[in-house]
Each structure stands twice: as C-alpha cells, then as structure tokens.
Amino acid sequence: MENNANMFWTGLSPDEAREALVNKDKSMRDKRMSLKDAVSKFINDGDNVGIGGFVDVRQPIATCHEMIRQGFKDLTLSFQSAGMAPEYLGAAMILNPEKCNIKRIELAYWAHEGFGLAPGWRYLAERGLIDIEDWSNYNMSARFKAGSMGLPFIPTRSPLGGDIKDTSRTKIIDCPFTGRKIGVIPASNPNVSVLHVQAADKFGNCIIRGTDCTCAEIAMASAHTIVTCEQLVSHELLCSNPKDVMIPFAAVDAVVEVPYGAYPGACRRHYWFDGDHIRNFLGLIAPIVKGGPTDALKAYFDEYIYGVENFEGFLQKVGVKDLLAVKALEMQNCERLA
Amino acid sequence: MENNANMFWTGLSPDEAREALVNKDKSMRDKRMSLKDAVSKFINDGDNVGIGGFVDVRQPIATCHEMIRQGFKDLTLSFQSAGMAPEYLGAAMILNPEKCNIKRIELAYWAHEGFGLAPGWRYLAERGLIDIEDWSNYNMSARFKAGSMGLPFIPTRSPLGGDIKDTSRTKIIDCPFTGRKIGVIPASNPNVSVLHVQAADKFGNCIIRGTDCTCAEIAMASAHTIVTCEQLVSHELLCSNPKDVMIPFAAVDAVVEVPYGAYPGACRRHYWFDGDHIRNFLGLIAPIVKGGPTDALKAYFDEYIYGVENFEGFLQKVGVKDLLAVKALEMQNCERLA
Amino acid sequence: MTASTDYTAQEIIVVAGSKILEDNKIVFVGTGLPMVAALLANRTHAPGLIPVFEAGAVGPPLRHGLPVSVGDSRTFTGASYVKGLNAAFELTQRGFADFGFIGGAEVDMYGNLNSTMMGDYPDGYQTPKVRLPGSGGASDMAASCERTILIVPHDKKKFNQQVSYMTSPGHLDGSPGARQKAGMQGKGPYRVITTKGICDFEEGSNRMRLIHTYPGETVESIQEATGFELLVSPDVSEFPAPTVEEIRLIREEIDPNGVFVKRVAK
Amino acid sequence: MTASTDYTAQEIIVVAGSKILEDNKIVFVGTGLPMVAALLANRTHAPGLIPVFEAGAVGPPLRHGLPVSVGDSRTFTGASYVKGLNAAFELTQRGFADFGFIGGAEVDMYGNLNSTMMGDYPDGYQTPKVRLPGSGGASDMAASCERTILIVPHDKKKFNQQVSYMTSPGHLDGSPGARQKAGMQGKGPYRVITTKGICDFEEGSNRMRLIHTYPGETVESIQEATGFELLVSPDVSEFPAPTVEEIRLIREEIDPNGVFVKRVAK
C-alpha cells in the first residue's frame, strides 16, 4: 500500500521487456533440458516469477519443488488465482526464510476453493513478511495480456469503484473518447514464467486442454518461460492441427517432460485433484499460523521434497495407488480412449 | 478527414453496445433461418456493418449478394482487409446508387493481393462518393477487439509516427505509467456483422479453420451477427472439442448453411480461390473507373446476382466444373480424408 | 412438493439461490455454493440456464459431477466454448453475463463485499489481522455482470456498517447513479442470500431491504443479527422451506460428498 | 554458381531480399515479392527462417506452393501456431519479429512509405487523385518490427522528397531518436531494395544511402532515377547478378505461375 499507489515496475518495464525479446535467440531449436538445469539457468534471485495454472489446476508443482531444492531469494510471485504452487513456496519460506524467500506477491487469490483456505498465505501476510499487491483475476490476467501484447498498460473496468484501485498501481483516468471514468492497469512482464501444460514439442510449442488459464499470456509476457509437460511429443504430431497450439515455440526457453507435474493438483485428460494430499498438506501448515510447531511440515518437506532427487522421486513417495486413483477420477470427468 | 479528427461513434457507442447485449435474448436456441430472412431482419439502412474474413479468404460473399438483392442505404462498412465482399457491394453501388448505397468505409486495405487492385475502391474513393477512414490491419482488428472486450478504447503502438493518426479518430496520449507516447483508438461496435465460417451448430457456435481473421472479435463486438457456414452440424459434434469453438452461440443471431458461401474467395479445407472468376469480375469494373460503360458489369449482376433467387442459383450459374476445380486445389493445400 | 423438515442453513441458501436464477439466462458462477445453486436451478426450473465459469467454460451441461473448482475439468466437458480467464471476463465486461453469483466474508448495507482482509485499512493493509483469499474474480463480476447475487452467512460481524476493505463494489455509497459515476457498468447487487433470509435493495436509496425471512426467523431476529439498520419490504414474506425433493437433489445428486454443502444440522 | 544473364527486375529484387534475410530469424512477411523472397531464402541459405503472416500463421514450412495471399490456406499447413490478425500483430508489437518485409508505392529519403493515396494531402484526403489499397499491415509492421526491409520499384516519381501520405513510418524526419520520441519501437528501416540497387540508412542522419548497384546500373544512373539526393556509401559495390540456380528456383519451384514475379524481360 505504502508504495503500491506510486508507480514502479516489478519484473521488466515495457521497454526492457521488448529489448529482452529483441536480443533473444528466437529460433526453432531443441529446448529440452532437465528441470534442475532449467530452474538453475532461468530463475534468478530477485526475479518476478509468473506462475501458470489456476488455483489447483495445472499449477507448475514440479518446478516449485525444484525451486525449493535449489533455494530462492527476494522473488516476486505474480499470478491470478493460485493454490499449491505458492503454498509449497510459502511453506518453504516458513521453514527456512534464509534459503527460500519471497519478497512480494501480486495476486488476485490464494486459497484452494473446495479444499479450503491457504494457511501459508495467512502466515506470510498476517505477519507482514511480504509485500502484497491485491488485484482481481481479470486485473492480473489483463496485466499479463498487456505484457504479452507489447503494451505498457491496458484499460479495464474491473478496478472501478472498490478499494483495489487504491492498494494497487491502478490508475483511474477519463476515457479519451467517452469522457467516462475507466481503469488503466500496468502490464506485467515477469522475468520468468513457470507453466505446466498437457503437451509440448521439443521446440516449446504447447497444447493446453481444458482452461487455458492465463498461461499463454504469461508466457508471451515473460522474458523467459520454463514449460513442464505431461507429454513431450513430436513436432509433427503436436502441430498436426496448429490451431490447438496455445503457446508458440518462440515464447518458450526450456521444455521438460514431467508426468504428473501438477500433482496433487489436477491436469485435464490426465488426473483430477488429490484432495486428500492437498488437505493433508494444508493441515500441516495451519497450526503454524497460530504459533504451533513446524515439525510436521518439516517432516513432509524432508521426506517429499528435500529427501528426493527430483519430481519422480516425489511421485515414488506418493505411490502408485494415489496416482492411479486421481487418473481414474479424471477418466470419469473426461472419458477418452487411449 | 474533415471530421475523422474529431471524435464521434459510428455503429454503437460503448454504452449502447453494452445495453444492446444486456437487453438481448442470449439463450441457447435454434437460430437457423434463410439468408433472405437473416439479411432482412438484421441489416438496416444506416447500419455499421462489420465484415469478416481477410482479403479474399472467408469473405461473406453469399450474404453480400443477398444484401445487394435486397438493397441497402447509408451503410458504414468496417473491416481490416477485404476483397470481394466490398467489391460486390461497391460494384452494386456503381450500377445503382439509389438501391445500393455505402456512406462510409472504415478500413485498412481493400484490394486483392495476388489478384490485383480493387477498381471498385478506386471508383468510389477517387470520385469522393464515400467517407473514408484509413486504419491499419492491426488498428481495425484491435478496434473490434476493444469492442468485443467491452472497452471504449484500446492502446496500440501502430498509429504512432505516420499520417493515419491524423486522418482517423486515433488519439496519441502520454502513457499514464511510462510517460512515453502511445496511440489509443476507439472501439468498433458494429450494428451487425456478417461472417462466413467452416462449421456451426444451430445455436450459432462456430468453428473456424485456418486464420481466425478477426471474426470472433467482430462477432463479439457487434449487436447482431449473421453467420453463414459451409457445414451446419449437430451441437454435439461441433462442441466435441469445445476449444475448437471460436465464436460462442451467445454472440450469434442467425445461422445459415451456405456451401461455397465465400466463393469466388477461398475457405480453408473446402476450396481455394477462383482466381479467374475474381480477375474477370475486377476486369468488368476496371474500365468504369476511367469512365467506360457499365454494360458488362450490369450484365454480370443481371445474370449472377439479380437473375437468381439465392446463392445456390449463383453457384448453378458458376457451374460444377469451376466448383470442383477450386475444391481440388484446396485438397492439395490441405490434404484430408473425408 | 412436501416441505423438508431436515435441512441445513447452507441447503436453504442453495435453494434460495437457485430460485433467483431465471431460465435461459447467462450466469457467471463463482466457486462454492453458487455452483451448487446453479446446478439445482438447472435440474429444476431452469434447464436452459447457461453457466459461465471464470476459468473459461461457457454453457457446460455439468453432467459429470459437482466441480470443486471453477477451473475443474468437470466444467469443460460438453461446454460450448472454452478459452481462459481473459476471455471469460471479457465476455462479462462486454455485457454477456445477466447474473453474477458471488460470495464474501463481509457485506455492508449497499451490497459492497469484502473478501480481501479484516483489520485496519488502509494503514494495516500490509499487515492484516486476518488475511482472506482475495478477490479472485469477485470484483470483476461485481464490476461487470449486469446484476449480482450475493451470498453471505448472516452474522452481526459480517453484516457491517462498513466493510474493512471493499473488494467487490456493490451500490458504493448508495447515492443515485453512484456506479455510473464511478465508470462502472451493470445494475449492481440484486439479491443478498443469507443464512436467515433474502434481501433486495430499495430503489432510490439502494439500501439492503429484507424481502423474505426463512422459516424460524422473524424480521426482528434478522435485524438483531445485522450490524446496520435493515430496511424491510412492505411485502416481506416467509421463504418456504426447501422441499424434500430439493434436499434430496442436493444431497444425493448434486453434492453427495458434501464438498460445498456441509452437513451441519441447522 | 553461374551468373544468370536472363533475369527480370522483379527477380533480382527477390534475390536481393532473400540475401538480406538471416537464418533462424523471425520475419513478418508482407504480401507479394516478400513472400517469394522469404521462400527463396528458406530454400537456400536460411532453412531455419521463421515466416510470420499477418493473417495468423507462424513458422509454416511453405511446402504446398506459393501463397497468393497472406491469409492463404498455404500459409497454414504445417505451421506451429495459427490464430488471427490480432495475435500476429501482438506478437510483433511484443518484439517477436526480427524483420518486417514490406512494399509501398512511394518512399522518401528516411524510408517513410506511402500505400494509401496519391494526391493533395491533407485537403484532398477524401478525394484522392489515385486511391491505393491502404496500409493493410504495413504500418503495423513499420511501427513494431525490430527492423524493416522495404521494396520499392525505382522511379523518380516513387522516390520522392516527400511522400503524399505517410502510411508506414520509417525514420520520420531523420532526427536522432525520432522514432523513440514518437513513442515507437524498433530500429526502423534497415534496407531498401529497389529495381536498381540496394540502400541502407546512414547512421546519424538516417538518410537513405546506396550500398549496392545492380549490374548495368551506376551510382549516377540510380541518382538520376531518384527524386532526392541519395547518399552513397564509401564501400558501394555491385550486387552480383542472380545465379542460374536462383532464377531456376524462382521460376520453376517457387513462383512457377508468375503470381508475383511477372515475366517481363528486364
């Protein structure tokens, strides 16, 4: 609030975002690498990180686990509505703020809808450990969209009337054509975005099933993008109907095949939510908000994140039974022959 | 130019466009009707008509023929780049300005790329018979986009620097966030839009193959939309992959199955251009630009448009040979098993 | 149409919400009880109701079970149109959404909602006493749906003279044309559904006004639970108890696992 | 690499255009000769060239014949990404297009192009002497591609001190930072390919400068055909005649029907 009302850029300014793309190698080349390498290469301390997905749908969970293993400092997280991605990152900060540190969050919503509120959010916010900038889902989506369009701002009616306009960098102007009031909000151009999608080719072309969320806009707005995917397939198959491609290769820097990469969240056509895993995890953080001990949360991190080499190690800990169960649930939502 | 530099709304103002939608029956109901009824019901004298397609791709030719048969007065035509749609409408005005009358054109381009310049355009413009407002392709597309988003304007960098900003209703403002100059252009909300697509269901959900052009934005921006389609299919088939749907039913008012409805232009997966028919038609107008007689053009209209009941009658005049030829050409561009 | 004698506060909210939804209208559905109410309306008097979910689904038949998220796979199967958040909110900003259906943690007499924070605003914005999830799409719906239906549990602490933070603007300060003057679109809050009754907003003053009391409640008991002076409609009436069939639909077909409709006895 | 002795003015334009395009770069391709040049580059030194067409296709392999329109079906088959005009221009405005390749009917010494009208501007804007097709996407490319390559037939009436109408802004008045001051992005015009030679723009003055003369032309013959004073690079050199193989590719494989490359003898 103190400074949100004044204008400043987090991530890249519009001119910097343009220059980043102009100077980038945008060729159609093989971008496959390990998630370890992708996180180490493209996520730097101090970055503004755009997070894809929506609440617990298609969140880049595997990438968040890897970020936690490598540690991060002074990050700004930018998203519309998120669930387990910031919950993991935030819990890592609760346990060890030296190793994992979030400086600021620009968001519309952090909770888990049917699975409950976000204790990590309450902990960080109520203790004043992070800068907060509230927006709405459309505000944040439109900010990424402005960034993806190469515009410094975009008009929207959403911030009119309420308090969001006063606690964010929104400005209310008189429309140059109608004279009526309208909101204008600054573009968001993250340094890097982290996304999970259903399918990609090695060049980074991506297919998304179900909601696109705001993933394409985030990727196009960011200077760099790390994509994890359920299936890495041939360019010919992926682009057999080019209109299915939601993110073009030129917007992507790293492609990593990570099956179940959004688990315990959901990924259309592949798996539904693991509500028990999510609720259990939230239950480990909730007592800490009220001053309780961190032991149980630490044990989870030691077993599931720090105690494994990579996301496949995490999935091994989760076990086949739970993975098959969420797969079976999704097959009921969206029946398909293999 | 005289008044383009001052602000006024053609079609609907943003507030009127909102009210039109609010008061409209947006239910999922059967919208099939004859093209005759659709044109008679939804296109009124004085309307701003948004025209879909791009140059000679997926232009709503069948609808333009029907408009000519019924006559039109004081229309404003709005499009990015168009070819045969305004060429037919403009030629009808050359022949009989009492019956068919265009008042104004807001456009980026009117010609035929590889098939040549547009003599209808030269005739109307050079004689000062219509108001002209020049934009660029992105300007016009973005104006429809702003209209479809419910915004009164949208920023774009395109009009900066050149003369378009001075002959259109563009304004150049200082960006409220960067302080740098940026263009803002007013939304376009046509009274009615006319579009041709590959497939639709009876509710008006539309699938577009190849370029979307700016069709979805035009449909969503307009108060009413007439869709002609190559194939009218069941709702279940059309929406079997909902992500293929580019225009949702609520934006559409009339659905008419018109095979070859963009002929002699092209329609991906169905037929390629009939270059000979296009060039022949342009050749009938070209001499009139230089003051030549209108007989040959009149003969074309009498035979192909006024002399037939509907577009199927036109296709019968064209004949099977030419229709099969353009179909065969497209099968080379885009091979598919039926 | 036997009246149920065994229903919970959340269940009557769902029934009330569903009855307000008109057939063949487009309703932008927020997460939680609004989803259950939209499903109930669809299964009863409004088979032509068209739900829109902010994650992008337009017009799904919702035959695969209750979504637990507005981005849930269950909202997409059979939908007419699926894009992402920008597309859904642009539809709304354009005027396609007849109703928006939203919840909040706190409401004032003009239908302004808070789902951001409890505490000392503006000074304590960065250190809230209780940090709530945030707007999500609620403020977008409030700003751009033609009419909004609000769901707020009835409690003196939640029906306040002034909300801690105005996340989702309603009738603002209630003055005539306040929304228009602020640059907003739409007619704003239309109904408030609480755990005790149903309110509309008085024309002119734009103040919350009781129009229906639930069985077991009175005008007085509801005023007692409200932190501001509630207007009362001259035609105030009792809202009928849900029918046995409505409760069966909710419990057995729509939310059999109690994802949103908790089985706390009334 | 035998030099051709039988090529047309349009053919050498195509060859010159193709040589300027760098491999693995993204080029926004306007209609006409730029399409032929992009195809030739792709078939020769730049197999990794990524064409973008304003109607929406990104990165098509272009193996189904020469498109006659930038919205042609032939631009879509095998593309990596296909949306519509807004998406293509937004990519460009964002900074994805390394080069834009455009034509015009008239150009000035700062690379400002006209494709709107000939006549008395501004007074005669509504009654032009000759009405041209209009900007199409040219002014968008001029405003937002990082660098632009211009194609203009060389003729004293077309290389003018001042263009009738500035459709596609180049270096504007040539003053340092003129584009930035106008709010524009990108470095602006990079090369001008004419029917007589190739120009760049002098650093500092941003004035058009001859760098290559085609066979049969001299600095003098080109200045003679130019309506303003053309600067001449100290390193001005002859552009080699197209090779037999380049001409064969254009005539037999790329544009066998002479859609854009007309068979008028030089």
Side-chain angles (χ1 to χ4, degrees), chain B residues 1-2 54-57 80-81 107-111 113-115 117-118 121-122 125-128 131-132 134-139 141-142 145 156-164 166-167 172 175 180-183 210-217 266 268-269 272-273 275 330 332-334, chain D residues 31-32 54-57 64-65 67-77 82-87 89-90 92-93 112 116-117 121-123 125-140 142-144 165-169 172 178-185 259-260:
Chain B
M1 172 66 184
E2 296 78 339
F54 174 83
V55 193
D56 284 318
V57 172
Q80 13 85 354
S81 287
L107 85 169
Y109 172 99
W110 175 1
E113 296 185 79
F115 306 117
L117 296 173
W121 181 215
R122 291 198 56 187
E126 292 170 15
R127 281 165 176 72
D131 289 341
I132 300 171
D134 271 283
W135 299 90
S136 68
N137 273 333
Y138 183 42
N139 285 169
S141 293
K145 181 170 181 154
T156 154
R157 300 179 191 270
S158 282
L160 296 165
D163 283 333
I164 288 177
D166 303 317
T167 58
I172 307 294
C175 168
R180 287 192 67 197
K181 289 201 173 101
I182 184 123
T211 173
D212 295 323
C213 304
T214 312
C215 288
E217 294 90 330
R268 183 166 170 87
R269 292 198 184 185
W272 205 53
F273 310 95
E330 179 62 7
Q332 291 170 28
N333 299 335
C334 167
Chain D
T31 197
E54 65 203 273
H64 291 78
V68 305
S69 161
V70 290
D72 192 328
S73 200
R74 294 175 173 181
T75 68
F76 300 113
T77 302
V82 170
K83 305 284 175 223
L85 280 92
N86 273 311
F89 288 116
E90 288 162 7
T92 308
Q93 194 168 245
N112 302 302
T116 299
M117 60 164 280
Y121 173 82
D123 292 345
Y125 169 67
Q126 294 287 1
T127 48
K129 199 165 143 238
V130 178
R131 178 61 218 206
L132 303 168
S135 161
S139 79
D140 306 307
S144 288
Y165 183 100
M166 194 201 298
T167 313
S168 302
L172 301 173
R179 287 175 64 92
Q180 290 298 307
K181 273 179 222 152
M184 300 173 74
Q185 300 185 130
V259 171
F260 293 115

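Quick note on labels: first sequence line is chain A, next is B, and so on, each numbered from 1.
When each of G275(B), C213(B), G128(B), C334(B) is scored by its heavy-atom pairs under 4.5 Å with chain D, the top score falls to C213(B). For chain D, the option among G162(B), G183(B), A216(B) with the highest count of heavy-atom pairs below 4.5 Å is G162(B). Interface check for chain B: of the options P128(D), A57(D), G56(D), G137(D), the most heavy-atom pairs under 4.5 Å are formed by P128(D). Counting heavy-atom pairs closer than 4.5 Å to chain B, the top-ranked of the candidates P169(D), S73(D), G134(D) is S73(D). Comparing R131(D), Q185(D), R179(D) by heavy-atom pairs within less than 4.5 Å of chain B, the highest count is held by R131(D). Among the candidates A55(D), G84(D), S135(D), G136(D), the residue making the largest number of heavy-atom pairs closer than 4.5 Å to chain B is G136(D). Chosen from N139(B), I164(B), V57(B), D56(B), the residue pairing most often with chain D at heavy-atom distances under 4.5 Å is I164(B). Note on L85(D), V68(D), T127(D): by heavy-atom pairs under 4.5 Å with chain B, the leading option is L85(D). Counting heavy-atom pairs closer than 4.5 Å to chain B, the top residue among M184(D), K181(D), H64(D), M166(D) is M166(D). Residue with the most contacts toward chain D among G210(B), A111(B), A118(B): G210(B) (heavy-atom pairs, distance under 4.5 Å).
For a residue to count as touching a neighbouring chain, one of its non-hydrogen atoms must lie under 4.5 Å from one of that chain's; by this rule A142(B) touches chain D with backbone and side chain alike. With a 4.5 angstrom heavy-atom cutoff, A266(B) does not touch chain D via any of its atoms. Only the side chain of S81(B) comes within less than 4.5 Å of a heavy atom of chain D; its backbone N, CA, C and O stay farther away. Neither the backbone nor the side chain of I182(B) comes within less than 4.5 Å of any heavy atom in chain D. Proximity to chain D is limited to the backbone of Q332(B), based on heavy atoms less than 4.5 angstrom apart.
The two atoms that bring F54(B) and S69(D) nearest to each other are CE2-OG, 4.2 Å, heavy atoms only. For the pair D72(D) and N333(B), the tightest heavy-atom approach, listed with the atom from each and the gap, is OD1-ND2, 4.5 Å. Across D134(B) and Y165(D), no two heavy atoms sit closer than the pair CB-OH, 4.2 Å. In terms of heavy atoms, S136(B) sits closest to S139(D) at CB-OG, 3.2 Å. Across all non-hydrogen atoms, the minimal contact from A182(D) to K181(B) is O-CB, 3.8 Å.
With sequence neighbours excluded, the residues forming a ring pair (Phe, Tyr, Trp, His ring centres under 6.0 Å) with F115(B) are F273(B), listed by chain and number. R180(B) pairs by the salt bridge (Lys or Arg N to Asp or Glu O under 4.0 Å) definition with D15(A), not counting sequence neighbours.
Sparse packing is recorded around CG of L117(B), with 12 or fewer heavy atoms of other residues, nucleotides or ligands lying under 6.0 Å away.
Side chains of T77(D) and R268(B): a donor on one and an acceptor on the other come within 3.5 Å. Between the side chains of N86(D) and S141(B), not a single donor N or O lies within less than 3.5 Å of an accepting N or O.
In this structure, the side chain of Q93(D) does not engage the main chain of T156(B) through any donor-acceptor pair within 3.5 Å. Between the side chain of D140(D) and the backbone N or O of Y138(B) there is at least one donor-acceptor pair closer than 3.5 Å.
In this structure, the side chains of P122(D) and T167(B) stay at 4.5 Å or more apart for every pair of heavy atoms.
Taken from CD in Q80(B) to CZ in F89(D), the straight-line distance is 8.5 Å, to the nearest 0.5 Å. Distance NZ/K129(D) to CZ/R122(B): 10.5 Å, rounded to 0.5 Å. How far OH of Y125(D) is from CD1 of I132(B): 6.0 Å, rounded to the nearest 0.5 Å.
Because its NZ or CZ atom is both nearer than 6.0 Å to the ring centre of W272(B) and within 45° of the ring axis, R74(D) counts as a cation-pi partner of that residue.
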